[in-house]
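These figures come from a predicted structure and were not determined experimentally.
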Amino acid sequence: MREMEQRAYSFLGRDPVLCMDMLEALRRGDGSVYAVSEEGTLIRERNSRAFMLAAENSEAGERLVMGLKKPVQLAVHGSAEAALFQELFHYNQVMECQAAAYLDPEPPFVPSRYGVRELDESFAGEILAAFPDEFDEAEIAQRLQSGAMHGSFTAGELTGLIGIYPEGGIGMLAVRPDQDWEKTAGALAGHITGWCLRQCFAPFVHIPRWDQPLLGLYQKLGYTVSEKPLYWLGDGPEEQDPSQEL
């Protein structure tokens, strides 16, 4: 293992739940260390082109990003860091999240009646028809092609959806309005957790701070939640609700 990665692992290991996205990016081979010091590390994730920063304070973080051109997305830990880099890079959206990771080697139980399974590209039209306001066509096509989308079915009809974001976290959860959200969402999240474990991935999720029902769902499944929040910074339409995911 290269020296920079060793130093990054050493720093990130201080808070593995909060830093699971960065640890997994390195472990899965999708991330590379852009900068590292005794005070923090900055990682670039190849699939999403996002940068992820963990630093002891905003001054250390600023030194690590010195010379970096504006990333498409930037994840940081701490409100001071979020404010600093929003101003520095002129981002118009900031999403405060709680990081959660599943640390049990055994997957949660998922009732078979929900028929959750991996989806292929042939499901693109059905997904867009079931969730016309949730996703765009290009996003769905890319995630299906990567093998990262899973759906729940009742009587052969798609009732819910969940997937893995390009940076490796669980997300894209959607449940049809005529379904029981808690039960269907729980089955989907439990299934994708087990799928990650079978792929030898550490399951993790970033939950928007305002979405307490979603937080409760993952806690019920056995996820450990970090006490410290993280922040995703990026750009989007100015009129978009800033609480929405980037």
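- Applying the ring-ring contact (aromatic ring centres under 6.0 Å, His included) definition to pairs two or more places apart or across chains, those involving residues 105-124 are Phe123-Phe153.
- The distance from the CZ atom of Phe11 to the CZ atom of Arg7 is 11.5 Å, given to the nearest 0.5 Å.
- In this structure, Phe131 and Phe135 have perpendicular ring planes: the angle between them is above 60°, well past the 30° mark.
- Qualifying side chain to side chain contact (heavy atoms under 4.5 Å, CB included) partners for Ser37, counting only residues two or more places apart in sequence or in other chains: Glu39, Leu64.
- Applying the ring-ring contact (aromatic ring centres under 6.0 Å, His included) rule to His191 yields the partners His150; only residues at least two apart in sequence or on another chain are considered.
- For residues 195-205, the set of pairs meeting the salt bridge (charged side-chain N to carboxylate O under 4.0 Å, His left out) definition, not counting sequence neighbours, is empty.
- Pairs of residues two or more places apart, or lying in two chains, that qualify as salt bridge (charged side-chain N to carboxylate O under 4.0 Å, His left out) and include a residue from residues 64-90 are Lys70-Asp235.
- Residues Val36 and Met20 do not share a hydrophobic cluster, clusters being chains of Ile/Leu/Val/Met/Phe/Trp/Tyr side chains in contact below 4.5 Å.
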Which side-chain N or O atoms in residues 213-229 pair as donor and acceptor under 3.5 Å with protein atoms at least two apart or in another chain?
unit_1: Tyr223; atom_1: OH; unit_2: Thr193; atom_2: OG1; d: 2.5
unit_1: Ser226; atom_1: OG; unit_2: Lys228; atom_2: N; d: 3.3
unit_1: Ser226; atom_1: OG; unit_2: Lys228; atom_2: O; d: 3.3

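- The two residues Thr184 and Gly160 make their nearest non-hydrogen contact at CG2-CA, 4.5 Å.
- Separation of atoms CE (Met149) and CD (Gln142) is listed at 10.5 Å; rounding is to 0.5 Å.
- In this structure, Cys19 and His77 approach most closely via the heavy-atom pair SG-CE1, 3.7 Å.
- Under the 4.5 Å side-chain criterion, counting only non-hydrogen atoms from C-beta, Glu126 is not in contact with Leu119.
- The same ILVMFWY cluster, assembled from side-chain heavy atoms under 4.5 Å apart, contains both Tyr165 and Ile127.
- Two residues are said to be in side-chain contact when any heavy atoms from C-beta on lie closer than 4.5 Å; Phe85 and Leu53 meet this criterion.
- Here the shortest heavy-atom pairing between Ser48 and Pro166 reads CB-CB, 3.9 Å.
- For Ala50 against Trp232, the heavy-atom pair with the smallest separation is CB-CZ3, 3.9 Å.
- Note: Met22 CE to Leu12 CG = 5.0 Å, rounded to the nearest 0.5 Å.
- Identified under the ring-ring contact (aromatic ring centres under 6.0 Å, His included) test for residues 20-44, with sequence neighbours left out: Tyr34-Phe51.
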Contacts under 3.5 angstrom, residues 170-178 side chains, donor-acceptor by atom type, not counting sequence neighbours:
unit_1: Arg176; atom_1: NE; unit_2: Asp178; atom_2: OD1; d: 3.0
unit_1: Arg176; atom_1: NH1; unit_2: Glu157; atom_2: OE1; d: 3.4
unit_1: Arg176; atom_1: NH1; unit_2: Leu158; atom_2: O; d: 3.0
unit_1: Arg176; atom_1: NH2; unit_2: Asp178; atom_2: OD2; d: 2.9

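- Here the closest heavy-atom approach between residue Leu18 and residue Ala99 is recorded as CA-CB, 4.0 Å.
- Pairs of residues two or more places apart, or lying in two chains, that qualify as salt bridge (charged side-chain N to carboxylate O under 4.0 Å, His left out) and include a residue from residues 40-56 are Arg14-Glu56, Asp30-Arg46.
- Minimum interatomic distance between Arg2 and Glu5 (heavy atoms only, all atoms of both residues): NH2-OE2, 2.9 Å.
- Here OH of Tyr91 is found 5.0 Å from CG of Leu74. Values are rounded to the nearest 0.5 Å.
- Considering OG of Ser79 and CG of Leu84, their distance stands at 11.5 Å, rounded to 0.5 Å.
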Item checked: Arg27/Tyr9 under side-chain contact (heavy atoms from CB on, under 4.5 Å): CA gap, chis, key distance, verdict -> CA-CA 9 Å; Arg27 195 184 65 82; Tyr9 275 120; 3.8 Å; yes
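- Ser152 places no side-chain N or O within 3.5 Å of a backbone atom of Leu161 that could act as its donor or acceptor partner.
- Looking at heavy atoms from C-beta onward, Pro108 lies in side-chain contact with Tyr102 at the 4.5 angstrom threshold.
- Within 6.0 Å of the CD atom in Glu139, the count of heavy atoms belonging to other residues, nucleotides or ligands exceeds 12.
- Under a hydrophobic clustering in which Ile, Leu, Val, Met, Phe, Trp and Tyr are joined whenever their side-chain heavy atoms come within less than 4.5 Å, directly or via other members, Leu103 and Leu197 fall into different clusters.
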Margin query: Arg63 vs Glu59, test: side-chain contact (heavy atoms from CB on, under 4.5 Å). Steps then yes/no.
Written below: CA-CA 6 Å; Arg63 287 192 289 271; Glu59 292 79 10; 4.0 Å; yes
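- With values rounded to the nearest 0.5 angstrom, Ile162 atom CD1 is found 7.5 Å from Ile164 atom CD1.
- Val205 and Ile192 fall within the same hydrophobic cluster, where Ile, Leu, Val, Met, Phe, Trp and Tyr residues are linked whenever their side-chain heavy atoms come under 4.5 Å apart, directly or through other members.
- Sorted by first and then second residue, the salt bridge (charged side-chain N to carboxylate O under 4.0 Å, His left out) pairs involving residues 100-125 (not counting sequence neighbours) form an empty list.
- Legend: residues meeting side chain to side chain contact (heavy atoms under 4.5 Å, CB included) with Leu128, ordered by chain and number and at least two apart, are Glu137, Ile140.
- Inter-residue side-chain proximity for Asp21 and Ile43 is flagged as unmet; no heavy-atom pair is nearer than 4.5 Å.
- Partners of Gln199 by side chain to side chain contact (heavy atoms under 4.5 Å, CB included), not counting sequence neighbours, listed by chain and number: Trp195, Phe201.
- At a threshold of 4.5 Å between side-chain heavy atoms, the hydrophobic network of Ile, Leu, Val, Met, Phe, Trp and Tyr places Val72 and Val94 in two separate groups.
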